[in-house]
Protein chains: 2
Amino acid sequence: MILSEQKKALIEKIGIFYEKLGMQPAAGRIMGLMFVSDRPELTFDEIRELLNISKSATSTALNLLIETGPVEYITFAGDRKRYFKLKTSNWRDALAQRFNNIISFKTLLQEVMETRSDKSTEFNSCLEEFIDFLEYLQQELPSLLKKWEESRK
Amino acid sequence: MILSEQKKALIEKIGIFYEKLGMQPAAGRIMGLMFVSDRPELTFDEIRELLNISKSATSTALNLLIETGPVEYITFAGDRKRYFKLKTSNWRDALAQRFNNIISFKTLLQEVMETRSDKSTEFNSCLEEFIDFLEYLQQELPSLLKKWEESRK
DNA sequence: AATTTAGTTCTGTAAATTTTGAACTAACAG
DNA sequence: CTGTTAGTTCAAAATTTACAGAACTAAATT
């Protein structure tokens, strides 16, 4: 397989997006490659060659991606190779999880509230209001997702 | 001012939370300190001493926090010191911005769609569905925030 | 039994990031 | 006009991280 310049550029862009989420560069590029690859299942060596990374980097990154969720692999009888692919089944859940991570800051802010004195009323009420806002989002987001699933039936 | 062990632990936890968002450690600790500090306005040297960081690290981190939004400072006539504090006014917007950043992945996926062949139908329809889902969120989130603001009137 | 395949694991190193320390500046104070 | 305060800036040190290369393993092949 060869990659068009356009696809190569997209791999980098997607890679950078995932880097910003805390992923290591090579893992981000693998994500990018899997999105743009016309064949959705790629072998270890295809990935390695297409991205020009070493075996060890490929191994480490793939295992990380499998452990943390976004990648899985399938095998075929009589073929020792693993075929790596994006786990498309959990995209919505993974996204919801990222929203939840943001909202989970609420827990820290609640702990903050407990250690604060009553002195700085102004700040405290801002804090309480923001906690309430996070609470609201935590409540409403699941129904938003449910509403979408309903609309797809 | 002295910090309880509990507050110190919270500063670290909040610091790590901000590190995961791509912030440098010292800046994350400053965020943590400003959340737990009973006095909401702190001077350069208070921050420096409470967190045990150098002047230059303090300066760099504070300027970064001011540039990127979460911190501001006020001054008092006849006092050359700057009093640094959390910018509480934009918490909701900053959070909305982080949601938007996640959703902005949609643009990359649309570019991906354009480069893909029609071969892998299965994958392509997953991709299209996910793009539609992101589209849906992009549409619905603003009204969710508006709804909260209404309820607070 | 030797070789090939499909990876894994273990240093070592290059690169990037973060932080310090020291010298500097600009404003004000005595 | 000398000293002090409130920072800033820069070079160098320390830390972290990501990756390559080489040696290794376990299964299958010849």
Readout for nucleotides 25-30 of chain C: B = base within 4.0 Å of protein heavy atom, S = sugar-phosphate only, - = neither; 5' to 3' it is -BB---

Would you kindly give the [atom1]-to-[atom2] distance between [X] and [N], to the nearest whole Å?
X	N	atom1	atom2	value
R48(B)	dT5(D)	CZ	C1'	13 Å
N52(B)	dT18(C)	CG	C1'	16 Å
L62(B)	dT18(C)	CG	P	16 Å
E49(A)	dA6(C)	CD	P	11 Å
L65(A)	dT8(C)	CG	P	12 Å
K81(B)	dG7(D)	NZ	P	8 Å
L64(B)	dT19(C)	CG	C1'	14 Å

Check against side chain to side chain contact (heavy atoms under 4.5 Å, CB included), I102(B) and I102(A):
CA-CA 11 Å; I102(B) 294 178; I102(A) 295 178; 3.8 Å; yes

Nearest to side-chain heavy atoms of [X], which nucleotide of [options]:
X	options	result
N63(B)	dT8(D), dT18(C), dA20(D)	dT8(D)
S54(A)	dT8(D), dC19(D), dG7(C)	dC19(D)
F84(B)	dG7(C), dA20(D), dG7(D)	dG7(D)
R82(A)	dT8(C), dA18(D), dT20(C)	dT8(C)

So do L65(B) and M23(B) actually touch side chain to side chain, heavy atoms under 4.5 Å?
yes

Please examine the side chains of N124(A) and R116(A), heavy atoms only from C-beta on, and report whether any two atoms are closer than 4.5 Å.
-> yes

**Asked** Linking I/L/V/M/F/W/Y whenever their side-chain heavy atoms sit closer than 4.5 Å, directly or via other members, would F123(B) and F76(A) fall into one cluster?
**Response** no

Give [X] one of three labels, base, sugar-phosphate or nothing, depending on what nucleic acid heavy atoms sit under 4.0 Å from its own.
X	answer
D79(B)	nothing
K55(A)	base
A57(A)	sugar-phosphate

- Item | Pair K81(A)-T43(A), side-chain donor/acceptor within less than 3.5 Å |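 No.
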
F84(A) vs F44(A) aromatic rings, parallel, tilted or perpendicular, using cut-offs 30° and 60°? tilted

**Prompt:** How are the rings of W148(B) and Y136(A) set relative to one another: parallel (under 30°), tilted (30 to 60°) or perpendicular (over 60°)?
**Reply:** tilted

Return no unless some side-chain N or O of S59(A) is found under 4.0 Å from OP1 or OP2 of dT8(C).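 S59(A) to dT8(C) OP1/OP2: side-chain N or O found under 4.0 Å.
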
Are the aromatic rings of F105(A) and F35(B) close, with centres under 6.0 Å apart? yes

Closer than 4.0 angstrom, basic N to acidic O: yes or no for [X] and [Y]?
X	Y	value
E5(A)	K8(A)	yes
K7(B)	E12(B)	no
E111(A)	K106(A)	no

With the threshold set at under 4.0 Å for non-hydrogen atoms, list the residues of residues 26-46 of chain B touching DNA chain C in residue-number order.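 Those residues whose heavy atoms fall under 4.0 Å from DNA chain C, taken from residues 26-46 of chain B in numerical order, are A26(B).
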
Ordered by number, residues from residues 12-24 of chain A within less than 4.0 Å of DNA chain C (heavy atoms) are none

Note to self: When you measure only distances, ignoring hydrogens and angles, does the side chain of S56(B) come within 3.5 Å of the base of dG21(C) through a donor and an acceptor?
What the structure shows: yes

- Message: Could you walk me through whether M31(B) and F17(B) satisfy the side chain to side chain contact (heavy atoms under 4.5 Å, CB included) test, starting with their C-alpha distance in whole Å, then the side-chain angles of each, then the deciding distance to 0.1 Å, before giving a yes or no?
- Response: CA-CA 10 Å; M31(B) 290 300 292; F17(B) 186 88; over 6 Å; no

